Amino acid sequence: MKRLIIMFLVIGITMFIYSCSEQSPTAPGLNQNDQATTSLSKIRTQFHGTSNWVADIDQGSAVVLPNGKLKITGQIAKWKEETDCPMVNGQSIWYINWLINSDWSRAKLWGTADINVGVEKDGDPVLGTWQLSWHGRLTDGVFDEATGFFSAGKIVVKAVGKGTSGIVKGLVAHWTYTMNIAEGFVYKSKGFIIK
């Protein structure tokens with residue numbers, strides 16, 4: 001009887017060791033580096049497109065600082081995001097702050113934004129929401145006092161967003177927006193979603 005119990009015990013231990021070696025990262029046919037790479041790598045989905053101005057919601061408030069720079073806070077604007085990836089397309093609301101040099105040639109911009117995925121016009125259902133934090137710079141700016149707008153210059157904005165609801169919940173994405181003002185009031189956008 002003792003021999004039978006010992007034999008079952010040896011068979012059980014052998015089967016346990018064999019089954020563990022099948023799952024082991026050093027089992028034949030499985031490269032340990034491949035397993036580590038697979039578990040640590042992230043899938044990136046690239047996108048390219050444009051961001052088009054729709055409407056100003058609030059002009060914000062402006063104050064001239066003692067050093068001559070103009071600080072604008074609380075601007076709010078609505079834009080339309082159109083890319084080759086439906087997960088970042090929709091209506092965006094931008095909350096904008098400016099610090100503009102006294103000669104209007106340079107400025108720092110910063111703020112937050114929300115992109116409501118799937119919204120083509122007000123009233124459309126929101127499929128998901130991105131919340132962005134961003135900062136940017138204006139260089140080579142030329143301000144046209146007659147129109148009250150910049151007539152030339154380049155704005156580059158870097159943004160990082162987190163999906164907070166719907167189809168993008170839990171995802172992270174990065175955007176780069178570039179506008180050449182002389183070519184029109186449209187940002188070219190590119191970036192990637194990390195899954």
Side-chain angles (χ1 to χ4, degrees), residues 44-83 85 87-117 119 122 126 128-145 147-166 168-194:
R44 289 186 178 204
T45 302
Q46 304 282 336
F47 57 85
H48 296 83
T50 59
S51 183
N52 297 278
W53 176 82
V54 175
D56 286 330
I57 297 171
D58 190 332
Q59 292 294 322
S61 57
V63 61
V64 178
L65 301 177
N67 61 5
K69 292 185 178 184
L70 178 66
K71 185 175 183 180
I72 302 172
T73 56
Q75 267 191 348
I76 305 172
K78 187 185 298 183
W79 292 72
K80 184 176 181 181
E81 309 292 323
E82 296 178 294
T83 73
C85 177
M87 295 181 74
V88 292
N89 289 345
Q91 189 178 84
S92 58
I93 306 295
W94 291 77
Y95 304 90
I96 310 157
N97 303 294
W98 294 78
L99 185 59
I100 305 170
N101 283 11
S102 57
D103 65 359
W104 293 78
S105 64
R106 296 185 172 277
K108 293 180 183 178
L109 302 86
W110 68 96
T112 61
D114 298 321
I115 299 176
N116 293 315
V117 178
V119 177
D122 290 336
V126 177
T129 302
W130 292 98
Q131 290 185 341
L132 284 64
S133 177
W134 62 272
H135 67 279
R137 289 191 179 274
L138 163 76
T139 54
D140 302 320
V142 176
F143 187 73
D144 185 343
E145 292 186 23
T147 63
F149 293 100
F150 284 97
S151 59
K154 182 178 181 179
I155 300 175
V156 177
V157 170
K158 302 278 189 178
V160 177
K162 180 179 179 182
T164 58
S165 68
V168 297
K169 186 171 183 176
L171 300 178
V172 174
H174 295 253
W175 286 260
T176 300
Y177 291 92
T178 305
M179 178 190 291
N180 185 337
I181 297 170
E183 294 176 0
F185 204 56
V186 176
Y187 281 100
K188 293 180 181 175
S189 63
K190 65 179 180 177
F192 57 89
I193 302 169
I194 302 173

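Everything quoted here is computed from the prediction, not taken from an experiment.
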- Task: For the pair S133 and V160, evaluate side-chain contact (heavy atoms from CB on, under 4.5 Å) and give the outcome as yes or no after the intermediate values.
- Result: CA-CA 6 Å; S133 177; V160 177; 5.7 Å; no
In Å and rounded to the nearest 0.5 Å, what is the [atom1] to [atom2] distance from [X] to [Y]?
{"X": "I93", "Y": "T112", "atom1": "CD1", "atom2": "OG1", "answer": "11.0 Å"}
{"X": "K162", "Y": "K169", "atom1": "NZ", "atom2": "NZ", "answer": "9.0 Å"}
{"X": "E82", "Y": "S51", "atom1": "CD", "atom2": "OG", "answer": "9.0 Å"}

Is any side-chain heavy atom of [X] closer than 4.5 Å to a side-chain heavy atom of [Y]?
{"X": "F47", "Y": "I193", "answer": "yes"}
{"X": "R137", "Y": "K108", "answer": "yes"}
{"X": "D56", "Y": "I76", "answer": "no"}
{"X": "H48", "Y": "T83", "answer": "no"}
{"X": "I72", "Y": "I100", "answer": "yes"}
{"X": "L99", "Y": "L65", "answer": "yes"}
{"X": "S102", "Y": "K69", "answer": "no"}

[X] and [Y]: aromatic ring centres closer than 6.0 Å?
{"X": "W94", "Y": "W53", "value": "no"}
{"X": "W79", "Y": "F185", "value": "yes"}
{"X": "W134", "Y": "Y95", "value": "no"}

- Using a distance-only test with no angle check, is there a side-chain donor-acceptor pair under 3.5 angstrom linking N97 and T73?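 Checked: N97/T73 side chains show no N/O donor-acceptor pair below 3.5 Å.
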- Query: Is it true that the side chains of D122 and Q91 contain a donor and an acceptor less than 3.5 Å apart?
  - Reply: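 Judged by distance alone, the side chains do pair up.
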Locate the shortest heavy-atom distance separating [X] from [Y]; write the atom from each residue and the value.
{"X": "M87", "Y": "W130", "result": "O-NE1, 2.8 Å"}
{"X": "Q131", "Y": "T164", "result": "OE1-CG2, 3.5 Å"}
{"X": "T45", "Y": "C85", "result": "CG2-SG, 4.4 Å"}
{"X": "G184", "Y": "M179", "result": "O-CG, 3.8 Å"}
{"X": "R106", "Y": "T139", "result": "NH1-CG2, 3.2 Å"}
{"X": "L171", "Y": "I194", "result": "CD2-O, 3.8 Å"}

- Message: Run the side-chain contact (heavy atoms from CB on, under 4.5 Å) test on I181 and L138 for me, step by step, so that the C-alpha distance in whole Å, both residues' side-chain angles and the decisive distance to 0.1 Å come before the verdict.
- Response: CA-CA 10 Å; I181 297 170; L138 163 76; 4.0 Å; yes
- Query: Should K78 and D114 count as an ion pair when the cut-off is N to O under 4.0 Å?
  - Reply: no
- Task: For W98, enumerate each residue passing the side-chain hydrogen bond (donor to acceptor under 3.5 Å, both in side chains) test, keeping only those at least two apart in sequence or located in another chain.
- Result: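 Here the qualifying residues are Q75.
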Please tabulate, for the side chains in residues 151-159, all donor-acceptor contacts under 3.5 angstrom to protein atoms that are two or more places apart in sequence or on a different chain.
from	atom 1	to	atom 2	distance (Å)
S151	OG	V142	O	3.3
K158	NZ	T176	OG1	3.4

- Worked check of side-chain contact (heavy atoms from CB on, under 4.5 Å) between W110 and I96: CA-CA 6 Å; W110 68 96; I96 310 157; over 6 Å; no
- Quick one: sort the Y177 and Y187 rings into parallel, tilted or perpendicular, breaks at 30° and 60°.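 Answer is perpendicular, since the angle exceeds 60°.
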- Message: Whether the side chain of N101 engages the backbone of D103 through a donor-acceptor N/O pair (distance < 3.5 Å, no angle test) should be reported.
- Response: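 Side chain of N101 to backbone of D103: no pair is present.
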